[in-house]
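In this chain, numbering begins with 1 at the start of the sequence shown.
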Amino acid sequence: MTATVFTSEFQNDRFNESRRLFNHYLFQVEVYGEDNESMTFEVMAYSITAATADAERMAMENMIDIQYINVTAM
């Protein structure tokens, strides 16, 4: 008895390239300052570390002395 198996491989290089380019995750970031200041925003980043770095940069741009940062993956 013989069996024939056909397999196909879908190769779409443009799709794979665009998937690599847009491989970001969405994070909700809450920044709390020492003077009861707070900011909440959403960040698209590759990792929690990158989202935290973006949050620190945005807080410094708004002159907030950071007490702590809360990052939540969405």
Side-chain angles (χ1 to χ4, degrees):
M1 179 173 190
T2 60
T4 304
V5 177
F6 293 100
T7 59
S8 67
E9 185 174 323
F10 179 67
Q11 290 273 333
N12 187 347
D13 293 332
R14 291 184 71 83
F15 175 75
N16 291 336
E17 180 181 337
S18 65
R19 184 179 169 107
R20 272 184 262 120
L21 292 175
F22 296 108
N23 192 17
H24 290 83
Y25 300 101
L26 186 62
F27 298 97
Q28 180 178 356
V29 180
E30 298 167 348
V31 178
Y32 296 94
E34 293 178 354
D35 299 327
N36 292 330
E37 300 168 309
S38 66
M39 290 176 51
T40 301
F41 47 90
E42 294 179 352
V43 175
M44 288 185 69
Y46 292 108
S47 65
I48 290 177
T49 305
T52 303
D54 286 346
E56 289 176 353
R57 182 183 48 77
M58 289 181 197
M60 286 183 190
E61 286 175 358
N62 290 307
M63 312 263 303
I64 295 177
D65 294 327
I66 300 171
Q67 185 175 8
Y68 67 93
I69 298 174
N70 185 23
V71 181
T72 305
M74 298 181 80

Indicate every side-chain donor-acceptor pair of residues 58-69 with a distance under 3.5 Å to a residue at least two apart or in another chain.
{"from": "Glu61", "atom 1": "OE2", "to": "Arg57", "atom 2": "NH1", "distance (Å)": "3.2"}
{"from": "Asn62", "atom 1": "ND2", "to": "Met58", "atom 2": "O", "distance (Å)": "3.1"}

Identify each donor-acceptor pair in which a side-chain atom of residues 27-34 lies under 3.5 Å from a protein atom, sequence neighbours left out, and give them as a table.
{"from": "Glu30", "atom 1": "OE1", "to": "Tyr32", "atom 2": "OH", "distance (Å)": "3.2"}
{"from": "Glu30", "atom 1": "OE1", "to": "Asn70", "atom 2": "ND2", "distance (Å)": "3.2"}

Of all heavy-atom pairs between [X] and [Y], which one has the smallest distance, and what is that distance?
X     : Y     : value
Ala50 : Ala45 : CB-CB, 3.9 Å
Tyr46 : Tyr25 : O-CD1, 3.4 Å
Val71 : Ala51 : CG1-CB, 4.3 Å

According to salt bridge (charged side-chain N to carboxylate O under 4.0 Å, His left out), does anything in residues 37-48 pair up with another residue at least two apart or in another chain? List the pairs.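 Listed once each, the pairs would be none.
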
